[in-house]
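Please read all numbers here as calculations on a predicted model, not as lab measurements. Order of the sequence lines fixes the chain letters, A, B, ..., with proteins taken first and strands second; residue numbering starts at 1 for each chain.
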Amino acid sequence: MYANQVRNTDCRRIMSAPDDNITSDHTQLASHFFGELLDSVIMDVASECHRIARLGLDRNLDDEEEELRLSAEARARIADPSNSEVNSKYVVDIFGQTHPAVAAEIFDCMNCGRSIVAGRFAPHLEKCMGKGRKARVKATRSSTAAAAHNR
Amino acid sequence: MRASIKRPPTPDAEEEDEDREPTLEEIINIKLIESGEKERLKELLRERLNECGWKDEMKSLCRSFTRKKGRNNVTVDDLVHLITPKGRAAVPDSVKAELLQRIRSFLHSTAL
């Protein structure tokens, strides 16, 4: 809209126009610059995620596949009634209740928000919050620069 | 015969561009950058988007895309195209309002 025609005199003329005009110009310009800043931030995030993906810094995506598979398996085992009869670990508690070998309740992990079967919660947490035994690989720029070897 | 290795002529259009008057946007952009305000605004935006979990949302989108496509097949372009529309829509109104207000004050203070 302003292309090729704005000279200093034009600038002054626009600036001294009635307040309404200035406000709407400012609003348009502000939106334009906000858009630019946002796109720039989006670019940075995409770049960072790309780097994490390519360098395998995110907790191993293969692990996630494995975990999802095991979780589904656990769920299947619970749903299958024939399992309960065969299971030798079946113990009757003082109320006469029996409990399945794999804790059946499904709830949401408070860390990542995924639906997890209670029986698989411990291994899930291990990976979700950082491995208990293996050293955790942090996927942030600053900590890779600082190098975990400083510990 | 070998193909000609003559260098193509320099396009004249480039000289024309330098004579063109800067647009209002360009003028203000330069002022933003030179005063350091653009960098401050970007940092502010980054901080707000982090605080409200926007960045985590975007990272999670990227992660699930990466899982599906395979981590060595993902390009930056893929991710940019993935999160740009969702990213733009997911900015909280309060964050947008704060940034717009800051930008408007800057415009007000330098334009007059």
4.5 Å side-chain heavy-atom contact, A/L29 and B/F106: no
Contact origin within B/R102 toward chain A - heavy atom pairs under 4.5 Å: neither
Student check: side-chain heavy atoms of A/S31 and B/L100 closer than 4.5 Å: yes
Proximal component of B/N29, with respect to chain A [non-hydrogen, under 4.5 Å]: both
Same apolar cluster: B/I30 and B/L32, side chain cutoff 4.5 Å: no
A/H50 (side chain) donor-acceptor with B/V74 (main chain) under 3.5 angstrom: yes
Side chain to side chain, B/R63 and A/C49, heavy atoms closer than 4.5 Å: no
Proximal component of B/S60, with respect to chain A [non-hydrogen, under 4.5 Å]: neither
Contact winner vs chain A - B/N72, B/I83, B/L41, B/L82, heavy-atom pairs under 4.5 Å: B/N72
Step-by-step side-chain contact (heavy atoms from CB on, under 4.5 Å) determination, B/K42 to A/D44: CA-CA 11 Å; B/K42 190 174 172 188; A/D44 290 347; 3.1 Å; yes
Portion of B/L61 that has a non-hydrogen atom of chain A nearer than 4.5 angstrom: neither
Considering all heavy atoms, the nearest B/V80-A/M43 contact: CG2-SD, 3.7 Å
Transitive ILVMFWY side-chain link B/I33 to A/L37, under 4.5 Å: no
Gap between atom CZ of A/R54 and atom OG1 of B/T75 - 0.5 Å precision: 8.5 Å
Minimum heavy-atom distance between B/R71 and A/G56, given as atom pair plus value: NH1-N, 3.3 Å
Criterion side-chain contact (heavy atoms from CB on, under 4.5 Å) on B/K96 and A/L38, from CA distance to verdict: CA-CA 10 Å; B/K96 185 167 182 180; A/L38 182 58; over 6 Å; no
Test: B/K55 and A/E48 ion pair at under 4.0 Å: yes
Within 6.0 Å of NZ in B/K86, more than 12 heavy atoms from elsewhere: no
Derivation of the side-chain contact (heavy atoms from CB on, under 4.5 Å) call for A/I42 and B/R88: CA-CA 9 Å; A/I42 285 175; B/R88 285 186 183 155; 4.3 Å; yes
Sidechain N-carboxylate O distance under 4.0 Å for A/D25, B/R104: no
Nearest atoms (heavy-atom pairs only) where A/A53 meets B/T66: CB-CG2, 3.7 Å
OG1 on A/T27 to CD1 on B/I103, rounded to 0.5 Å: 11.0 Å
Straight-line distance of B/E37 CD to A/F33 CZ, nearest 0.5 Å: 12.0 Å
B/V91 with B/L44, same ILVMFWY side-chain cluster at under 4.5 Å: yes
